[in-house]
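Each chain gets a letter, A, B and so on, in the order the sequences are listed, and its residues count up from 1. In this text, all values refer to a predicted model and were calculated from it rather than measured experimentally.
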Protein chains: 2
Amino acid sequence: MAKRIRGDNPDRAGLIYRALRHAIIEQALAPGAKLPEDAIGERFGASRTIVRHALGRLSAEGLVELRRNRGATVATPSWEEARDTFDVRLGLERLVMARLAGQIGREQIKTLEAHVAAEEQARGNNEPLSIRLATEFHILLAEMTGSPVLTRYVSEVASRCGLILALYSRPHSSECAVSEHRMILAALAAGDGAKAAAVMEEHLDGVANRALIVSRPSKERDIKDILSAYADEIAVAEKTPARRARKS
Amino acid sequence: MAKRIRGDNPDRAGLIYRALRHAIIEQALAPGAKLPEDAIGERFGASRTIVRHALGRLSAEGLVELRRNRGATVATPSWEEARDTFDVRLGLERLVMARLAGQIGREQIKTLEAHVAAEEQARGNNEPLSIRLATEFHILLAEMTGSPVLTRYVSEVASRCGLILALYSRPHSSECAVSEHRMILAALAAGDGAKAAAVMEEHLDGVANRALIVSRPSKERDIKDILSAYADEIAVAEKTPARRARKS
DNA sequence: GGACCGCGAATTGCATGCACTCTGTAGGCA
DNA sequence: TGCCTACAGAGTGCATGCAATTCGCGGTCC
């Protein structure tokens, strides 16, 4: 490993946390991907202790699943969880808009405009970056409310939504996001809080619908549903693991 | 230590986490109290590793402050943070009310009534329990939305509010909370979502005001403000630690 | 020929030890 | 006498080793 004297780098756990987080949001790590402590630790020159800490934080935010003795994987939210996340997100972002309504400053508008410009530029060129910037636009808005709590929550649900899009939406579905971001920004700059909120609502609804409604009956859920319909015909070994179903 | 064979207890970290959490909410651990890994680990028969994990989770939720090489203490939110927390809480609980409005069931109403009865009974007799139950009433409401995300967030801000009350309010200020809980419950049972939301708003505003407005200019903040007014008279050693101010 | 069982590799769960940082205190120097 | 420094105690930061669990795989029994 990188042989650094103790205390060289003051927060490696946070570093790894951020790295994994970005990788997940940018969909470089697909939902369901395994995250072995050893491998990650080796890659970042840290011991498992520290990696475990980072994974713990990610798990608390719902970005990774942490099953006992089975290791960590990138989370694969169920359809209900996905719906729920989008729903809460809508509520939170409404709060953001309400707070920002009258009191957003010139400087802040400029920062946001610069961000949207960056989004525009990344679109098409750099798909992963584009996805991350779209997420970060919302986080930036939350930060401007000056509320750390709100910022944290928006940041969490927005990240989770990135994950969900990777699972349930087809690629390139974030195409029109930039223009919607522009509209929100315009409404805010004009001081029209109500309109900003309305546009935001439409924006999030749009993203959610494009993602969720399209491909609801897919993969795992289908299997489970189908099987549950046959459950009473089988009516055996309800809770035992499959491989030992008939044991003893 | 309790000499249990490895793997006996499947989640001691979570256990310690809950224990500390309850202790903080019930104000058995006052804001600012030190939380040494050694002592806690010894008390629960676990090693520092596991205690550290629990403290990490608490820190992520804002119940504990974790300063590098200086150990963990029960958080002491600033006045601004307190205000912010209450503000976000109001927004979140409005979401809860909106969701619960039309679709709360008989069974759920009964559960809530039982809870309020327990609150009533604890009032006066068992102050710490009473405080915790009041917090848990709100968490229970959030759970009934069926949204894990919303539940988690409400649970966090509500806990933090418990902490804040310990810091900024005078004792016994939660006296009328029970009756307000009853009113919310009545409105919900009647299916009147709008009224429930209004009562909830009043309730939270009431709690916040009783706590925050009373003792705004107190203790630490005052000291800082006063000193900052004298800062330019001193105008020396701005950023260096005091004890080495004149070194080398 | 097919299903069950037990073994081993891989991987996590946790305790412990050593290194490092911080703080309080006593001693030395001007 | 007053200030700085050096030291020591306490307590955290992290790596590592060992125990435990899980899962895949080949052998064995029916």
How many Å lie between CZ on A:R67 and P on C:dA10, as a whole number?
20 Å

Could you verify whether a donor N or O on one side chain and an acceptor N or O on the other, from B:T49 and A:R52, lie under 3.5 Å apart?
no

Return yes if a side-chain donor-acceptor contact under 3.5 Å exists between B:H138 and B:E93, otherwise no.
yes

Let me know the distance between CZ of B:R70 and P of D:dG13, rounded to the nearest Å.
12 Å

Is the shortest side-chain N/O distance from A:T49 to OP1 or OP2 of D:dC14 below 4.0 Å?
no

For a quick test of reading the model: is some side-chain N or O of A:R12 closer than 4.0 Å to OP1 or OP2 of D:dA15?
yes

How many Å lie between CD1 on A:I50 and C1' on C:dA19, as a whole number?
14 Å

For a 4.5 angstrom cut-off between non-hydrogen side-chain atoms, does A:S159 reach A:L63?
yes

Within this structure, what is the CG-to-P distance between A:N69 and C:dT11, rounded to whole angstrom?
13 Å

Rounded to whole Å, NE2 of B:H53 lies from P of D:dG13 at a distance of 15 Å

Can you tell me the distance, in whole Å, between the CG atom of B:L35 and the P atom of D:dT12?
10 Å

How long is the line joining CG of A:L15 and C1' of D:dG13, in whole Å?
16 Å

Quick one: ring-ring contact (aromatic ring centres under 6.0 Å, His included) partners of B:F86, sequence neighbours excluded?
none

Separation of atom CZ in A:R68 from atom P in D:dC23, rounded to whole Å
14 Å

Take B:R48 and A:L66, find for each the nucleotide of DNA chain C with the closest heavy atom, and name the residue whose nucleotide sits nearer the 5' end.
A:L66

